[in-house]
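See structure below.
Being a predicted model, the structure only gives us computed values, none of them experimental.
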Amino acid sequence: MKNQSLLERLGQRHRAGEDWLPWLAERLPEELSGRLASAQVQSGTLRLACASAAWAARLRYALGPLEAAIRERDPDIVKCVVSVSPARR
């Protein structure tokens with residue numbers, strides 16, 4: 001891994017996050033899955049972003065029942081963080 005460039009490492013992290021979006025979309029209620037803006041895995045944390053605080057709050061509650069499945073899919077994940085990432089204009 002030391003031989004990889006920063007760009008290669010960023011690309012791998014980006015692809016890892018993209019893999020989570022369809023996985024979560026299959027398991028979340030339809031109205032929530034369409035509100036996910038991004039997903040990233042970083043240092044044992046699954047970081048999810050929504051476009052508004054209201055959708056982020058709903059997502060936090062919906063993740064509770066999925067925690068075991070998330071850890072089963074990736075045992076290195078120890079927590080999930082949901083944030084707001086407003087759409088760019």
Side-chain angles (χ1 to χ4, degrees):
M1 189 133 173
K2 286 186 177 186
N3 292 334
Q4 289 182 321
S5 71
L6 175 61
L7 189 57
E8 288 172 327
R9 289 192 309 268
L10 288 173
Q12 284 178 339
R13 281 201 332 215
H14 178 73
R15 285 188 297 279
E18 283 182 338
D19 290 346
W20 277 100
L21 290 175
W23 187 90
L24 287 165
E26 290 177 4
R27 288 155 180 83
L28 289 170
E30 188 175 338
E31 68 272 6
L32 274 176
S33 64
R35 303 299 178 164
L36 275 175
S38 68
Q40 296 178 345
V41 177
Q42 185 178 19
S43 302
T45 301
L46 177 59
R47 297 182 181 280
L48 305 171
C50 290
S52 74
W55 286 112
R58 290 182 183 188
L59 180 58
R60 284 184 193 99
Y61 284 108
L63 286 175
L66 292 178
E67 284 184 13
I70 289 169
R71 288 188 177 91
E72 184 177 312
R73 183 173 191 251
D74 186 344
D76 293 334
I77 293 179
V78 294
K79 68 179 177 176
C80 297
V81 174
V82 179
S83 62
V84 177
S85 178
R88 294 184 182 167
R89 298 175 197 223

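Under a 4.0 Å N-O distance rule, the pair Glu67/Arg71 qualifies as a salt bridge.
Across all non-hydrogen atoms, the minimal contact from Ala62 to Leu28 is CB-CD2, 3.8 Å. Residue Glu31 comes nearest to Trp55 through the heavy atom pair O-CZ3, 3.7 Å, listed as atom of the first residue, atom of the second, then distance. For the residue pair Ile70 and Cys80, the shortest heavy atom distance occurs at CD1-SG, 3.9 Å. Of all the heavy atoms in Ser85 and Ala49, the pair that sits closest is CB-CB, 3.7 Å. Here the closest non-hydrogen pair linking Leu32 and Leu59 is CD2-N, 3.9 Å. Residue Leu21 comes nearest to Ala39 through the heavy atom pair CD2-CB, 3.8 Å, listed as atom of the first residue, atom of the second, then distance.
Note: Ser43 OG to Ile77 CD1 = 11.5 Å, rounded to the nearest 0.5 Å.
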request  = Could you please spell out the steps behind the side-chain contact (heavy atoms from CB on, under 4.5 Å) verdict for Leu36 and Trp20?
outcome  = CA-CA 10 Å; Leu36 275 175; Trp20 277 100; over 6 Å; no
inquiry  = Checking Asp19 against Arg73 for the side-chain contact (heavy atoms from CB on, under 4.5 Å) test, could you report, in this order, the C-alpha distance in whole Å, the side-chain angles of both residues, the deciding distance, and whether it holds?
reply    = CA-CA 11 Å; Asp19 290 346; Arg73 183 173 191 251; 3.9 Å; yes
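The closest donor-acceptor contact from the side chain of Arg60 to the backbone of Val82 lies under 3.5 Å.
With a 4.5 Å cut-off on side-chain heavy atoms, Leu48 and Leu24 count as touching.
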